[in-house]
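Report on the structure given below.
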Amino acid sequence: MSNCIFCKIIAKEIPSKIIYEDDDLLAFHDINPSADVHFLIIPKVHIESMLHLNDEHQSIMGKIMVTANKLALEQGLQKGYKTLVNTGKNGGQEVFHLHVHVLGNK
Ligand code: AMP
């Protein structure tokens, strides 16, 4: 999506602090962190929000959550962390490319 800021981050058209990347996913630090550690995990395929999920997305969503935990541990959040997915306008979503927030204090 040409006007999507997270698609531009995936395409490296705008900078970000990437902590993990593979063929399916990208994880990077939130530009405005709300905790000691605050990163976002996104699918590389443009999915607008949880409202747009279908059965074909089961595997990518599972991969996002398993990777979220691996990265949280790598980032020093062994004592625990919070995950958050804002969904749609009424769910407080501001960037309309599905993303999972991972937040934790050390
Ligand atoms: P949400 O309300 O769930 O849509 O949150 C969007 C999140 O994206 C916010 O926490 C922003 O701080 C974050 N964000 C917006 N632009 C960028 C960017 N260029 N790099 C990293 N994080 C960003």
Side-chain angles (χ1 to χ4, degrees):
M1 287 272 290
S2 57
N3 61 347
C4 168
I5 189 165
F6 286 178
C7 285
K8 287 181 179 164
I9 286 176
I10 292 165
K12 315 278 164 54
E13 289 169 14
I14 60 171
S16 67
K17 291 185 180 168
I18 292 173
I19 58 172
Y20 178 78
E21 178 169 21
D22 66 23
D23 288 346
D24 304 313
L25 307 178
L26 188 71
F28 52 97
H29 290 288
D30 196 290
I31 205 167
N32 186 21
S34 304
D36 292 343
V37 175
H38 184 180
F39 62 90
L40 307 173
I41 306 187
I42 65 174
K44 285 192 169 174
V45 61
H46 183 86
I47 306 168
E48 218 172 294
S49 79
M50 292 274 289
L51 291 169
H52 298 78
L53 288 180
N54 59 48
D55 287 347
E56 290 176 8
H57 296 128
Q58 284 188 23
S59 129
I60 188 74
M61 292 308 292
K63 187 171 178 181
I64 285 174
M65 298 313 284
V66 171
T67 305
N69 183 55
K70 281 184 193 162
L71 297 177
L73 295 173
E74 280 178 22
Q75 296 286 319
L77 299 180
Q78 280 78 5
K79 289 183 184 164
Y81 55 88
K82 195 182 291 185
T83 51
L84 172 71
V85 184
N86 294 323
T87 301
K89 205 173 123 197
N90 285 7
Q93 187 174 0
E94 291 178 354
V95 176
F96 286 85
H97 182 126
L98 193 154
H99 50 281
V100 175
H101 295 253
V102 177
L103 306 111
N105 291 315
K106 293 185 180 177

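Below, all heavy atoms of this structure are taken into account, side chains as well, without hydrogens, waters or symmetry copies. Order of appearance sets the numbers: ligands from 1, and atoms from 1 within every ligand.
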Quick check on E13: does its CD atom have over 12 non-hydrogen neighbours (other residues, nucleotides or ligands) under 6.0 Å away?
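Yes.
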Output, or 'none' if empty, a list of ligand 1-protein atom pairs in which both atoms are N or O and the distance is under 3.5 Å, rounded to 0.1 Å.
residue	atom	partner	partner atom	Å
ligand 1	2 (O)	N86	ND2	3.3
ligand 1	2 (O)	G92	O	3.1
ligand 1	2 (O)	E94	N	3.3
ligand 1	3 (O)	N86	ND2	2.9
ligand 1	3 (O)	H99	NE2	2.7
ligand 1	3 (O)	H101	NE2	2.8
ligand 1	4 (O)	E94	N	2.7
ligand 1	4 (O)	V95	N	2.9
ligand 1	4 (O)	H99	NE2	3.0
ligand 1	5 (O)	H99	NE2	3.3
ligand 1	5 (O)	H101	NE2	3.4
ligand 1	10 (O)	D30	OD1	3.3
ligand 1	10 (O)	D30	OD2	2.5
ligand 1	12 (O)	D30	OD1	2.6
ligand 1	22 (N)	I31	N	3.1

Could you tell me the separation between the CE atom of M50 and the CE atom of M61, rounded to the nearest 0.5 Å?
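Reported to 0.5 Å precision, the distance equals 5.5 Å.
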Would you give me the side-chain donor-acceptor pairs under 3.5 Å for residues 97-106, sequence neighbours excluded?
residue	atom	partner	partner atom	Å
H97	ND1	H46	ND1	3.1
H97	NE2	P43	O	2.8
H99	ND1	H97	O	2.7
H101	ND1	H38	NE2	2.9
N105	OD1	D36	N	2.9
K106	NZ	Q75	O	3.3

Under the side chain to side chain contact (heavy atoms under 4.5 Å, CB included) test, which residues partner E94, sequence neighbours left out?
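Here no residue qualifies.
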What residues, two or more places apart in sequence or in another chain, satisfy salt bridge (charged side-chain N to carboxylate O under 4.0 Å, His left out) together with K63?
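K63 satisfies salt bridge (charged side-chain N to carboxylate O under 4.0 Å, His left out) with D22, D24 only.
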Partner of I9 by side-chain contact (heavy atoms from CB on, under 4.5 Å), out of L26, V95, I31
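That would be L26.
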